[in-house]
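Values in this document were obtained by computation on a predicted structure and should not be read as measured data. The sequence lines fix the lettering, A, B, ..., with proteins before strands; numbering per chain opens at 1.
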2 protein chains.
Amino acid sequence: MQFHHDYATCQSCAQRFNSVFCKAREEYVDAINEQKICNTYKKGQILFNEGAYPFGVYCINEGKIKLSHQGDDGKEQIIRLLKSGDVLGYRALLSGDRYGASAVALEDTKVCFIPKEIFVTVLKNDTGLAFEMMKLLSDELHKAEVKLTHLAQKPIRERLAETLLFIKETYGFEEDGITLNVRLSREEIANLVGTATESTIRLLSDFKKDGMVELDGKKIKILQHKLLLQTANLQD
Amino acid sequence: MQFHHDYATCQSCAQRFNSVFCKAREEYVDAINEQKICNTYKKGQILFNEGAYPFGVYCINEGKIKLSHQGDDGKEQIIRLLKSGDVLGYRALLSGDRYGASAVALEDTKVCFIPKEIFVTVLKNDTGLAFEMMKLLSDELHKAEVKLTHLAQKPIRERLAETLLFIKETYGFEEDGITLNVRLSREEIANLVGTATESTIRLLSDFKKDGMVELDGKKIKILQHKLLLQTANLQD
DNA sequence: CCACAAACATGATTTTTATCATGTTTAATC
DNA sequence: GATTAAACATGATAAAAATCATGTTTGTGG
């Protein structure tokens, strides 16, 4: 366990209006603030494990987290990438279920834990939050269904291009405006695309040859955004 | 458009306690009952189309419906199978989005349409319903994420076995206790599995040779449930 | 009952993708 | 800064799956 310390208050949190709690009533934000437990996770540390029971939800103050599902043969499938302002752990809580996926920090990450009881109480009393929650769930469901279709119908080349664009959408670029603002291993990218690591490495090399990306270790620079969109068979 | 007629009332509906409305308060069930519009759809008829705007949700009184997503090349991907008591159309409504999928009747189906306004009003005022809704969304999200992982990691043979078991879970058997209680074309099964129609046909033949299933036109009989579970690489 | 289209079936072939094998580079640790 | 494991890279091969081709069956409307 880590040393507990607060990132100021929920009321003044930089992510307050950037999260699902954006429309929560002041009094409830106060209530959550009093019960929250702040924590820091180092890169690679686990927030929770698939199969464990949820005791609350986690709100990311700063950092990046991957949510991954374990396939029957133990192979990782990354199902979501999370960033500052994102909340995680709500799916299992609302289903009354165990966690369906594990959460691992992709870099040093500041997180606030909101205990189940207060979260549910606020959800019961604040219609605005409940609707935001339903919207969040609906959006995630939609994304999952679209991904499902692409996984079933698109070749790997297109899926990789799409994944690179998805990473860009999620984490954006560094100051230079072209380097993806996250470091993922080739294996992690493969587990996001749903393919073998070697295939991902090979195709990234192809993309480089085609001048679409530049590779520098784990740094990936997007050189030809339009061409990548085209390769993914998507319209902007 | 079809002739409008009521299937008795929501209060006395056979599906009332079998749906997401199971915990809705009596007064709200009354309110929904007054606004609902009942309808019958013939096999193959479309309830709504991907890309259209939602004006309410649909509640199935009796029948079967497929929800399918159109891939970029026009190929159908079936993302959900729905039965009596199931509600559809809520995802887009809660996202504030257009429909992400089309709904088509798999057989003659009786459906009640609940206009957006009354649905949202009830959802705002009935915490029990709101929580049931969140649970439904969470459960669907979980299913989608598991399916995603299997689609990415399992070979087609396992996915087909899994799909047959899924169909059985959803629609059950006919009176004989072994025939799947729905008629799907090979193409539809393929679009559920996420594969080519020919591959599905071939593997169904294999399953027949292995004595796992019996095929009689669109009738599929499950002969060896255990073996099918094993083929799907699942534990019961 | 016949005509005809759609669905089903199966073999042959090609394409896609995973796996295996083997180096090379990179990065972490002492 | 040498050691060593992990990650990256790439070629060769095998396996999986899609596509193409061609019949056959089934079901439907006249």
Side-chain angles (χ1 to χ4, degrees), chain A residues 42-44 71-77 106-108 149-164 180 182-210 213-221 231 233, chain B residues 42-44 71-78 106-107 149-164 180 182-210 213-221 231 233:
Chain A
K42 294 246 168 237
K43 178 177 174 174
D72 297 324
D73 52 350
K75 192 168 154 50
E76 173 188 52
Q77 179 69 31
L106 289 170
E107 56 184 50
D108 293 1
T149 303
H150 289 179
L151 208 45
Q153 299 186 358
K154 285 186 166 192
I156 294 188
R157 187 181 167 82
E158 294 185 23
R159 300 215 310 271
L160 176 59
E162 195 172 342
T163 298
L164 292 178
L180 290 181
V182 66
R183 298 298 134 84
L184 294 169
S185 69
R186 303 292 191 262
E187 189 180 3
E188 284 174 315
I189 297 174
N191 295 344
L192 212 38
V193 174
T195 186
T197 307
E198 293 97 321
S199 300
T200 297
I201 291 173
R202 234 181 283 274
L203 282 169
L204 277 175
S205 295
D206 287 356
F207 284 6
K208 185 180 166 182
K209 278 188 200 113
D210 298 344
V213 304
E214 195 181 308
L215 305 173
D216 174 15
K218 286 193 174 52
K219 283 189 203 171
I220 297 176
K221 293 184 210 289
T231 304
N233 204 4
Chain B
K42 293 248 168 235
K43 177 177 173 173
D72 297 324
D73 51 350
K75 191 168 156 51
E76 173 187 54
Q77 179 68 33
I78 301 181
L106 290 171
E107 57 184 48
T149 302
H150 289 179
L151 208 45
Q153 301 186 355
K154 286 186 165 193
I156 295 187
R157 187 181 167 82
E158 293 185 24
R159 299 216 309 271
L160 175 60
E162 197 172 340
T163 298
L164 292 178
L180 291 181
V182 65
R183 298 297 134 85
L184 295 169
S185 68
R186 302 294 191 260
E187 189 180 3
E188 284 173 316
I189 296 174
N191 294 344
L192 211 39
V193 174
T195 187
T197 307
E198 294 96 321
S199 299
T200 296
I201 292 173
R202 233 181 283 275
L203 282 169
L204 278 175
S205 295
D206 287 356
F207 285 6
K208 184 179 168 184
K209 277 188 200 112
D210 297 345
V213 304
E214 195 180 308
L215 305 172
D216 174 15
K218 286 192 174 51
K219 281 189 202 171
I220 297 177
K221 292 183 210 288
T231 303
N233 202 5

Note to self: Please list, in numerical order, the residues of residues 153-161 of chain A that have a heavy atom closer than 4.0 Å to any atom of DNA chain D.
What the structure shows: none

Checklist line | Whole-Å distance separating the CG atom of B:Leu151 from the C1' atom of C:dT17 | finding: 15 Å

Item checked: Nearest-0.5 Å distance that lies between atom OG1 in A:Thr149 and atom CD1 in B:Ile78 -> 11.0 Å

Item checked: Reported CD-to-CD distance for the pair A:Glu187 and A:Glu198, which is rounded to 0.5 angstrom -> 9.5 Å

Note to self: Under a 3.5 Å distance rule, please check whether A:Glu107 uses its side chain to pair with a backbone N or O of A:Lys43 as donor and acceptor.
What the structure shows: no

Margin query: Rounded at 0.5 Å granularity, tell me how far CD1 in B:Ile189 sits from CG in B:Leu180.
Written below: 8.0 Å

Note to self: So, taking the atom named OG1 in B:Thr163 and the one named CG in B:Leu192, what distance separates them when rounded to the nearest 0.5 Å?
What the structure shows: 5.0 Å

Notebook entry, point to check: For A:Ser205, which contact category applies under a 4.0 Å heavy-atom criterion: base, sugar-phosphate, or nothing?
Noted result: sugar-phosphate

Check: Quick one: how far along DNA chain D does chain A reach, first to last nucleotide 5' to 3', anything under 4.0 Å to a heavy atom?
Finding: D:dA7 to D:dA12

Notebook entry, point to check: Taking the side chain from A:Gln153 and the backbone from B:Lys75, do they hold a donor-acceptor pair closer than 3.5 Å?
Noted result: yes

Notebook entry, point to check: Is there a donor-acceptor pair closer than 3.5 Å between any side-chain N or O of A:Glu158 and the backbone N or O of A:Pro155?
Noted result: no

Next item on the list: Would you mind telling me which residue lines up with the more 5' stretch of DNA chain D, A:Ala152 or A:Thr197, judged by nearest nucleotide?
Entry: A:Thr197

Checklist line | Between P of C:dA18 and CZ of A:Arg202, the distance in whole Å | finding: 10 Å

Next item on the list: Please report how far the helix from C:dC1-D:dG30 to C:dC30-D:dG1 bends, comparing the axis fitted to its first five pairs with the axis fitted to its last five, to the nearest 10 degrees.
Entry: 50°

Margin query: If you compare every side-chain N and O of A:Ser199 against the phosphate oxygens of C:dT17 (OP1, OP2), does one of them come in below 4.0 Å?
Written below: no

Next item on the list: Would you mind classifying the nucleic acid contact of B:Thr195 as base, sugar-phosphate or nothing, using non-hydrogen atoms under 4.0 angstrom?
Entry: sugar-phosphate

Notebook entry, point to check: Any ion pair linking A:Asp72 and B:Lys154 (charged N to carboxylate O, less than 4.0 Å)?
Noted result: yes

Next item on the list: In whole angstrom, give the distance that lies between atom CG of A:Asp206 and atom C1' of C:dT16.
Entry: 14 Å

Note to self: Donor-acceptor check, side chain of A:Arg186 to backbone of A:Thr197, threshold 3.5 angstrom: yes or no?
What the structure shows: no

Check: Between atom CG of B:Asn191 and atom OG of B:Ser185, what is the distance when rounded to the nearest 0.5 Å?
Finding: 7.5 Å

Notebook entry, point to check: Can you tell if the side chain of A:Thr231 reaches within under 4.5 Å of the side chain of A:Leu160, non-hydrogen atoms only?
Noted result: no

